[in-house]
Amino acid sequence: GIFTETGNLVKFVDKKFFGPVGLEGLLSVVPTTALAVIGTLIGDLLRDRGRLPSRRAFAIMGVGAAMVALGWLWSLDLRFNKPLWTASYVVFAAGWGALGIGLFHYIIDVRGLRAWAFPLVVLGMNALFIFVAPILFKIYILRGWDWMLSDGTRVQLQQHIYNILFGTFGLAVGSWVFILGFIGAWWLVAFHMYRKGIFLKA
């Protein structure tokens, strides 16, 4: 029941068992796997050709709403914690994901309103790349490279960018500027790949 940044089950197990062998964060595989399994089940609903498309969409949204409610109720006993992937957070997040999928399925496939969704198509055509590449960029570039300040001290490149944005816009707005800028930059990469006909699939 302890969820502080330095005192929690995942941190303890990492330090005691997994850290020395380079397997930090292994416990998080369990809830993230559960989230992936929920995703495949929602995918099965989406591909169910035995239902009318509108009924498929509403079934997915119904499941999503139920998971949102269940996750929220569970959080009253087991707090939401994204870094630790608590079960309540997984169910709650999966529920919102299912609601989004069901809503997009209804708007785009059932109602036929497709033109507005082009920015999403660009990302979806290289979904695996656009999921993995930003993570690697963040680990090896933003957190892996240092920036030397005018006083000679070195900080992570990501921290240097944070310092500039937070100093210019404040913490809340600066955070949004970073997030939207990061997403926008990777969308431009995906758009370039889309125009060149480069589609990476597993």
Side-chain angles (χ1 to χ4, degrees), residues 3 5-6 8 10-11 14 24-29 31-36 38-39 42-43 64 68 71 79-86 88-104 107-108 114-150 153-202:
F3 294 105
E5 185 175 354
T6 56
N8 58 72
V10 175
K11 191 82 172 177
D14 278 351
E24 291 182 2
L26 193 60
L27 278 184
S28 297
V29 170
T32 53
T33 299
L35 185 61
I38 293 171
I42 297 300
V68 167
R79 293 199 315 248
F80 291 142
N81 192 304
K82 198 273 183 190
L84 299 181
W85 288 85
T86 53
S88 57
Y89 168 79
V90 169
V91 174
F92 188 74
W96 281 109
L99 277 170
I101 290 171
L103 182 62
F104 286 149
I107 294 172
I108 297 169
R114 294 184 172 91
W116 68 274
F118 176 73
L120 302 179
V121 172
V122 169
L123 297 175
M125 292 300 290
N126 273 300
L128 185 61
F129 171 82
I130 215 64
F131 176 77
V132 173
I135 293 173
L136 296 178
F137 182 83
K138 192 170 187 179
I139 292 171
Y140 294 108
I141 305 296
L142 291 181
R143 293 181 180 171
W145 289 6
D146 288 339
W147 185 273
M148 184 176 290
L149 302 178
S150 57
T153 58
R154 304 181 74 87
V155 296
Q156 286 182 344
L157 177 59
Q158 178 172 284
Q159 188 59 52
H160 179 61
I161 295 170
Y162 283 162
N163 292 342
I164 293 172
L165 294 178
F166 297 163
T168 305
F169 302 104
L171 182 59
V173 176
S175 297
W176 278 107
V177 170
F178 179 83
I179 291 167
L180 295 176
F182 192 75
I183 293 171
W186 282 103
W187 187 88
L188 290 174
V189 171
F191 180 64
H192 177 73
M193 296 173 70
Y194 180 87
R195 291 189 64 189
K196 294 292 185 180
I198 302 170
F199 305 115
L200 305 179
K201 299 179 182 179

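The first residue of the sequence shown is numbered 1, and numbering continues consecutively from there.
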Kindly compute the distance separating CD1 (Ile101) from CH2 (Trp96), expressed to the nearest 0.5 Å. 14.0 Å
Drop me the distance from Leu142's CG to Phe137's CZ, to the nearest 0.5 angstrom. 4.5 Å
Rounded to the nearest 0.5 Å, what separation is found between the OG1 atom of Thr86 and the CZ atom of Phe92? 11.0 Å
Tell me the side-chain hydrogen bond (donor to acceptor under 3.5 Å, both in side chains) pairs involving residues 129-148, sequence neighbours left out? Trp147-His160
Heavy-atom closest contact (Gly64 atom, Ala98 atom, distance): CA-CB, 3.6 Å
How close do Val68 and Gly95 get, heavy atom to heavy atom, and via which atoms? CG2-C, 3.5 Å
Can you give the donor-acceptor pairs under 3.5 Å from side chains of residues 176-191 to other protein atoms, not counting sequence neighbours?
from, atom 1, to, atom 2, distance (Å)
Trp187, NE1, Pro119, O, 2.9

Would the distance check show the side chain of Thr33 and the main-chain N or O of Val29 forming a donor-acceptor pair, the cut-off being under 3.5 Å? yes
Inter- and intrachain pairs under side-chain hydrogen bond (donor to acceptor under 3.5 Å, both in side chains), touching residues 116-131, at least two apart: none
Listed pairs under 3.5 Å, donor-acceptor, residues 194-202 side chains, sequence neighbours left out:
none

Report the residues that fulfil side-chain contact (heavy atoms from CB on, under 4.5 Å) with Asn163, sequence neighbours left out, ordered by chain and then residue number. Gln159
Rounded distance (nearest 0.5 Å) linking atom CD1 of Ile108 with atom CG of Leu103: 9.0 Å
Please name all residues satisfying side-chain contact (heavy atoms from CB on, under 4.5 Å) with Leu171, sequence neighbours left out, ordered by chain then number. Phe166, Ser175
